[in-house]
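What follows is a single structure, written as structure tokens, with notes after it.
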Amino acid sequence: MTIRKAATTVSRKDLDISPPRDFNSRPISRKFRLETLVRLRWLAVAGQTVTVLAVDLLLAFPLPLLQAAFLIGALALANIMLSLWFPSTHRLGPKAALALLSFDLLQMASLLFITGGLANPFSPLICVPVIISFASQPLRHAIPLLLLALACTTALAFSPYPLPWYPGETLRLQPVMLVGIWCAIVSMTCFAAFYAYRVSNEATLLADALAATELVLEREKHLSQLDGLAAAAAHELGTPLATISVVAKEMEREFGTDERLREDVQLLRSQSERCRDILQRLTSLSAASEEHMRRLPLSSMIEEVIAPHRQFGIEIALDERGDRATEPVCLRNAGILYGLGNLVENAVDYARSQVTLTVEHDRERVVLIIEDDGTGYSPDILSRIGEPYMTKRNKEVERAGGLGLGLFIAKTLLERSGARLTFDNRSGNEPGARIRIEWPRAMLEEG
């Protein structure tokens, strides 16, 4: 079965919305503000200080207080220096972020090393800088930090410093327990890093795709408003042209006997009259078309959607299962027109000979079903339809493309209008894909 694509009705040369890289290898290029890292560091300083003081004063456990204070002070001093050297709005590049997060990781590892190593119950916190890195930095800068964290975790297993405990008692863990803790921290760090990267990557892709959706919608609205701009231009130009016409008449009356000027004055007057006639036709055409296109019956909207796709050698059949006398009258919605046009174009691209549109409507709902006689959706694609930048391909079928941003935009625009979309393959022995689009009738009529 063929993996299908959704093409866009806007030329990609005019609107470049294709993903820059493959979905699985696209790096995250977002930069986070230095102020964000500074605040996290102050939180770490406060937490480490409170923990050390609680262990020393409340629990009265012996611990290397001077060395711990030095390490906490180093983190606080680095924070102060960063705040003085850079503005709060400064954004960190990948290399700078890697350097600062590496410092934080080494500071945390050193503090844990002198307070029991892996036996310290706070040792899992060593994964925090790694999670931050994978959530905000490219993989080529996040992976070195992960390797550094694994090395530090291994070093903590060989810490000679005992865990602060009751005076006169020494809490020592058996080697098998240390190995278990090491495995737990390493697996948690790797899993959390991978999860943070995937979630952040998908959020970035979604944000980019939604931005492209807004761009497409604005373009469609701009095109639909050109007739209004033409009417405004005709109205503004009417007054100066009327003035020119009046002046031309006066000049013709004044110089009517002068053979040298009479021909030029008559030409000026005739051309001004011609411009006035053109503007009058433009104004009346724009007003008539605006009134006609502002609200249109459902059948007219469907015909407007499918008309551009009848010239590609694929039969497009329209099956109306309802009385046109009771069909809904819809507000012209650029998002609906673009979304439906995208789905119809996709069906035409993959149909062998025919695409069928079935329209049903009653008092409560309006349903549009788009079917083609192609090979249909492959099973692994059905569960992921509508995800942005989904670019899997079927190597056996050269024509097959990725279900990418075009389908995401179409689906998003239609859902914004209140529609609910269902993608599946045709039932029974009939090959091909089937898309069911359903609106509450009131929402479709209100636009």
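Keep in mind it's a predicted model, so treat the numbers as computed, not measured. All residue numbers in this chain count up from 1 along the given sequence.
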So which of Leu148, Leu150, Ile143, Leu146 actually passes side chain to side chain contact (heavy atoms under 4.5 Å, CB included) with Val130?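 Of the listed residues Leu148, Leu150, Ile143, Leu146, the side chain to side chain contact (heavy atoms under 4.5 Å, CB included) partner of Val130 is Leu146.
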
Give the intermediate values and the outcome of side chain to side chain contact (heavy atoms under 4.5 Å, CB included) for residues Leu82 and Leu37. CA-CA 10 Å; Leu82 287 174; Leu37 183 60; 5.6 Å; no

Identify, with sequence neighbours excluded, every residue that meets side-chain contact (heavy atoms from CB on, under 4.5 Å) alongside Ile80.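 Only Trp42, Leu84 meet the side-chain contact (heavy atoms from CB on, under 4.5 Å) criterion with Ile80.
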
List the residues meeting side-chain contact (heavy atoms from CB on, under 4.5 Å) with Val366, not counting sequence neighbours, and say none if there are none.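 Residues passing side-chain contact (heavy atoms from CB on, under 4.5 Å) with Val366: Leu298, Pro328, His361, Trp439, Arg441, Leu444.
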
Do [X] and [Y] touch side chain to side chain, with heavy atoms closer than 4.5 Å?
X      : Y      : result
Leu34  : Leu100 : yes
Ile437 : Leu340 : yes
Leu125 : Met108 : yes
Leu296 : Glu304 : yes
Leu40  : Asp104 : no

Restricting to non-hydrogen atoms, name the atom on [X] and the atom on [Y] that form the minimum distance, rounded to 0.1 Å.
X      : Y      : answer
Ala142 : Phe134 : O-CE1, 3.4 Å
Ala351 : Val355 : CB-CG2, 3.7 Å
Pro129 : Leu145 : O-CD2, 3.4 Å
Leu178 : Leu118 : O-CD1, 3.8 Å
Ala96  : Leu92  : CB-CD2, 4.2 Å
Arg41  : Asn79  : CD-OD1, 3.1 Å

Short side-chain donor-acceptor distance under 3.5 Å, [Y] and [X]:
X      : Y      : answer
Asp319 : Thr356 : no
Thr154 : Trp182 : yes
Ser299 : Glu327 : yes

How long is the gap from [atom1] on [X] to [atom2] on [Y], to the nearest 0.5 Å?
X      : Y      : atom1 : atom2 : result
Ile435 : Asp372 : CD1   : CG    : 8.0 Å
Leu101 : Ser136 : CG    : OG    : 7.0 Å
Glu371 : Asp424 : CD    : CG    : 9.0 Å
Leu357 : Ile302 : CG    : CD1   : 6.5 Å
Gln48  : Leu43  : CD    : CG    : 10.0 Å
Arg434 : Asn425 : CZ    : CG    : 10.5 Å

With a 6.0 Å cut-off (strictly less than), is the heavy-atom count around CZ of Arg310, excluding the residue itself, greater than 12?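 Atom CZ in Arg310 is crowded, with more than 12 foreign heavy atoms closer than 6.0 Å.
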
Check the surroundings of atom CE in Met188: do more than 12 heavy atoms from other residues, nucleotides or ligands lie under 6.0 Å from it?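 Counting other residues, nucleotides and ligands, CE of Met188 exceeds 12 neighbours.
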
With side chain to side chain contact (heavy atoms under 4.5 Å, CB included) as the criterion, how do Leu156 and Ile126 come out once you've worked through the C-alpha distance, each side chain's angles and the decisive distance to 0.1 Å? CA-CA 10 Å; Leu156 291 180; Ile126 201 171; 4.1 Å; yes

Arg426 vs Asp373, test: side chain to side chain contact (heavy atoms under 4.5 Å, CB included). Steps then yes/no. CA-CA 9 Å; Arg426 300 173 72 178; Asp373 58 354; 3.9 Å; yes

Counting distance only, does the side-chain N/O of [X] pair as donor-acceptor with the main-chain N or O of [Y] below 3.5 Å?
X      : Y      : result
Ser187 : Ala184 : yes
Ser110 : Leu106 : yes
Asn120 : Leu112 : no

